Undergrad: 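Below are the structure tokens for one structure; questions will follow.
What you see is a predicted model; the values in this text were computed from it and never measured.
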Amino acid sequence: MRTIFAALALLAAAVAPAFAQGQDALYARSLAATCAGCHGTDGRAVAGSGIVALAGMPAAQITEQLRAFKAGTRPATVMQQIAKGYSDAQIAQLAAYFASQKKGS
């Protein structure tokens with residue numbers, strides 16, 4: 001019986017990090033989906049729309065811009081208000097997510 005519990009404990013320990021990573025990835029994708037209305041699915045804005053495409057943009061650049069919107073130091077129509085709703089951790093997650101996306105064609 002102890003062997004079964006030990007095996008289950010090892011299995012749980014092995015699966016937990018992968019499960020947590022899967023949850024983090026799903027959360028980041030869900031968070032990024034809130035940007036799709038303007039910036040397109042996965043940050044691929046419609047060509048010629050005048051909206052910045054976020055897909056493939058360096059994470060540091062996205063982070064810098066979102067922080068500037070949040071601080072009110074970068075002028076915008078709605079982004080200042082939207083960015084105020086994100087925590088620093090969420091900004092980092094958004095930046096990492098969009099940086100990992102391939103640019104649109």
Side-chain angles (χ1 to χ4, degrees):
M1 192 68 143
R2 285 186 190 179
T3 306
I4 292 172
F5 286 126
L8 288 174
L10 285 173
L11 180 62
V15 172
F19 181 71
Q21 286 176 348
Q23 282 185 313
D24 289 346
L26 181 59
Y27 178 74
R29 185 175 179 149
S30 297
L31 192 60
T34 65
C35 307
C38 296
H39 293 280
T41 302
D42 293 329
R44 293 182 194 91
V46 175
S49 69
I51 299 292
V52 174
L54 301 174
M57 185 181 288
Q61 184 179 357
I62 295 169
T63 299
E64 178 184 331
Q65 296 305 315
L66 283 173
R67 286 184 178 161
F69 286 131
K70 186 174 181 174
T73 57
R74 178 167 179 199
T77 54
V78 298
M79 278 305 302
Q80 288 178 339
Q81 191 62 31
I82 292 169
K84 287 178 185 178
Y86 294 129
S87 68
D88 288 342
Q90 289 171 321
I91 287 173
Q93 288 172 307
L94 283 167
Y97 179 82
F98 286 121
S100 73
Q101 301 305 302
K102 292 183 181 181
K103 292 182 180 185
S105 47

Undergrad: Can you tell me how far CZ of Arg29 sits from OG1 of Thr34, rounded to the nearest 0.5 angstrom?
TA: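 Between Thr34 OG1 and Arg29 CZ, I get 13.0 Å after rounding to 0.5 Å.
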Undergrad: In Å, rounded to the nearest 0.5 Å, how long is the span from CZ of Arg44 to CD of Gln101?
TA: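 The CZ atom of Arg44 sits 5.5 Å away from the CD atom of Gln101.
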Undergrad: Treating Ile, Leu, Val, Met, Phe, Trp and Tyr as nodes and any side-chain heavy-atom pair under 4.5 angstrom as an edge, say whether Ile62 and Tyr27 lie in one connected cluster.
TA: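 Same cluster.
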Undergrad: Measure across Ala95 and Ala59 and return the closest heavy-atom pair with its distance rounded to 0.1 Å.
TA: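 Looking at all heavy atoms of both residues, the shortest contact is CB-O, 3.4 Å.
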Undergrad: I'd like to know if Phe98 and Leu26 are part of one continuous hydrophobic network [Ile/Leu/Val/Met/Phe/Trp/Tyr, side-chain heavy atoms within less than 4.5 Å].
TA: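 Each belongs to a different hydrophobic cluster.
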Undergrad: In terms of hydrophobic clustering (I, L, V, M, F, W, Y; side-chain heavy atoms under 4.5 Å; direct or indirect links), are Met57 and Ile51 co-clustered?
TA: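 Different clusters: Met57 never reaches Ile51 through Ile, Leu, Val, Met, Phe, Trp or Tyr contacts under 4.5 Å.
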Undergrad: To the nearest 0.5 Å, tell me how far Asp42 CG sits from Leu54 CG.
TA: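 The CG atom of Leu54 is 10.5 Å from CG of Asp42, to the nearest 0.5 Å.
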Undergrad: Rounded to the nearest 0.5 Å, what separation is found between the CD atom of Gln23 and the OG atom of Ser30?
TA: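 Those atoms lie 11.0 Å apart.
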Undergrad: Specify the closest pair of heavy atoms between Ala55 and Lys102, including all atoms of both residues, with the distance to one decimal.
TA: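 In terms of heavy atoms, the two residues are closest at CB-O, 3.4 Å.
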Undergrad: How long is the gap from OH on Tyr97 to SG on Cys35, to the nearest 0.5 Å?
TA: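 Tyr97 atom OH to Cys35 atom SG measures 10.0 Å (nearest 0.5 Å).
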Undergrad: Where is the tightest heavy-atom contact between Gln90 and Gly85, given as atom of each residue plus distance?
TA: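 Nearest pair, atom of Gln90 first, then Gly85: OE1-O, 3.8 Å.
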Undergrad: Quick check: closest heavy atoms across Lys70 and Tyr86, and the distance to 0.1 Å?
TA: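 Taking Lys70 first and Tyr86 second, the nearest heavy atoms are NZ-O, 2.6 Å.
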Undergrad: Could you measure the distance from the CZ atom of Arg74 to the CD atom of Glu64? Nearest 0.5 Å is fine.
TA: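 It is 9.5 Å, given to the nearest 0.5 Å.
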